[in-house]
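Here is the structure we will look at, set down as structure tokens.
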Amino acid sequence: MAIVIKNIECLVTCSGSYRKKGQEMKDAKIKENAYLIIENDRIKALGEGEGYKEYITCDSIILDGRFKTVTPGLIDPHTHVVYAGSREKELPLKLNKVGYIEILNSGGGIQSTVDNTRSIKMDQLMKESKKRLDIMLKHGTTTVESKSGYGLDLQTEVKILKVNKMLNESHPIDVVSTFMGAHAIPKEYKMDREGYIEDLINNMIPYISRNKLAEFIDCFCEKGVFSVAESRRILQSGQKFGLKIKIHADEVETIKGAELAGELKAISAEHLVATTDDGIAALAENDVVAVLLPSTSFYLMLNNFANARKMIDQGVTVSLATDCNPGTSPTESLQTVMTFACFGMKMFPEEIINAMTINAACAIGREKQIGSIEVGKKADIVIFNSKSLNYLIYHFGVNAVEVVIKNGEIVVQN
Ligand code: NIG
Ligand code: FE
């Protein structure tokens, strides 16, 4: 069965299935008065004007695109969406200026979510996480990357990665798995950090790789968490086992995490708030995708955002994500991230949409299948109730999604 979307005011194709950099990020390949034809799970045709008429058959579903903006399904390439509980108790601490790493090292923060996630049963963890995926889908996200890291022991890390797998199989959203056992040192290893790193390298990584539970490995390379030298060891041992490298780098302080991402030729480096000019150069030279998380900067009250403007000027492929997690970014909405990307990091609407579609696909190695509206690609599409791309970003704080199509099927109709 075919879906025909006709008379589309603003069709944002983001076409070109490769990393968009520099000036190219400012071109979202928009078509006006356009149409889009979907057949089975694929994009069959697109064009401008009346050409859609030849594709209409008696059982076509016809959607009207007047006053609408149509984009590729949004891709969220950095989340910690599988976890148990919530952390609103930390709000007064934050307001009293207790630092993020200070809360973590006193047993709160990530550690408290680890306690909750260890003690919950798998089906309950699945239920809590599915609710968040449902919200994501309603807000236009059709693919997410999901990191483990709230287990910090083999059993719980595996539980989280299995939930990823089950969600991928049962939920309309595609879920891509990253192993992030190096998210913090668990409390039982507080006096023996080397012991935990060895557990990661000798037991957890080999098990996860052998059982094909993750495609990527990530590490929280940050002052007070994992040093550059420790991160290098952990990530390289993941790479030896076939996992592709991602890095949480320079989220709070500059410790040359971006330089490490360049050295290891990581697929992506994420956060990058405290990254220096040398770090930006390392990302550009080594073609590492920068995944920026401006809702996290906002929520951590950093009074600072990653320098998206400089990264784009220097030719770095910039992507955006929610970082959806219970501590530093409790939101499922990439539309919220659009607001911070524009008003916090001064990114243009065309750059933002490229960052959340084709460049996000590049950050998870899926650019040949998703991330742009091109003939033959997967039919993951969002129809926004916005007359232009500018309007979508200009009118903030509401859910502008009208329809979400995933694999050629209408899965949301608001
Ligand atoms: O990306 N930085 C590490 N991980 C998450 C936060 C996790 C948490 O606080 O629970 C982040 O900010
Ligand atoms: Fe994160």
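Since the structure is predicted, the reported quantities are computational estimates derived from the model, not experimental observations. FYI, side chains are in, hydrogens and waters are out, and symmetry mates aren't considered; it's all heavy atoms of this structure. First listed ligand is number 1; within each ligand, the first listed atom is number 1.
A salt bridge links Glu270 with Lys147: at least one charged nitrogen is closer than 4.0 Å to a carboxylate oxygen. Contact check on Asp123 versus Lys121 returns no salt bridge, with no Lys/Arg side-chain nitrogen under 4.0 Å from an Asp/Glu carboxylate oxygen. Salt bridge annotation for Asp277-Lys310: present, with a cationic side-chain nitrogen under 4.0 angstrom from a carboxylate oxygen. Look at Lys20 and Asp27 and you find no salt bridge, because none of the NZ, NE, NH1 or NH2 atoms lies under 4.0 Å from a carboxylate O.
When only modelled atom types and interatomic distance are considered, Asp323 and Ser329 share no side-chain donor-acceptor pair under 3.5 Å.
By the 4.0 Å heavy-atom criterion, Glu222 is excluded from the residues contacting ligand 1. Using a 4.0 angstrom heavy-atom cutoff, Tyr83 does not count as in contact with ligand 1. For Ile110, the heavy-atom gap to ligand 1 drops under 4.0 angstrom.
Tested against Asp134, the residues Arg132, Lys130, Lys138 include a single salt bridge (charged side-chain N to carboxylate O under 4.0 Å, His left out) partner, Lys130. Residue Ile393 is tested with Ile352, Thr339, Ile353 for a side-chain contact (heavy atoms from CB on, under 4.5 Å); the sole match is Ile352.
Residue, atom and distance of the protein heavy atom nearest to atom 10 (O) of ligand 1 are Tyr150 OH, 2.6 Å. Of all protein heavy atoms, the one closest to atom 2 (N) of ligand 1 is Glu251 OE1, 2.6 Å. Here the heavy atom of the protein found nearest to atom 6 (C) of ligand 1 is Tyr100 OH, 3.1 Å.
Annotation for ligand 1: atoms under 4.0 Å from non-hydrogen atoms of Asp323 are 1 (O), 11 (C), 12 (O). Close approach to His80 involves these atoms of ligand 1, each under 4.0 Å from a residue heavy atom: 1 (O), 4 (N), 5 (C), 11 (C). Atoms of ligand 1 lying under 4.0 Å from any heavy atom of Thr328, numbered from 1 in the order shown and given with element: 6 (C), 9 (O), 11 (C), 12 (O). For ligand 1, the atoms closer than 4.0 angstrom to any heavy atom of Arg87 are 8 (C), 9 (O), 10 (O). If you number the atoms of ligand 1 from 1 as listed, the ones under 4.0 Å from a heavy atom of His183 come out as 3 (C), 4 (N), 5 (C), 7 (C).
Seen from the ring of Tyr35, Lys6 does not count as a face-on cation partner, given the 6.0 Å and 45° thresholds.
Rounded to 10°, the angle formed at the Fe ion (ligand 2) by NE2 of His80 and NE2 of His248 is 100°.
Residue His271 touches ligand 1 through its side chain alone, judged by heavy-atom distances below 4.0 Å.
At least one N/O/S atom of Asp323, whether from backbone or side chain, sits less than 2.8 Å from the Fe ion (ligand 2).
Side chains of Val70 and Phe384 form no contact here, defined as non-hydrogen atoms less than 4.5 Å apart.
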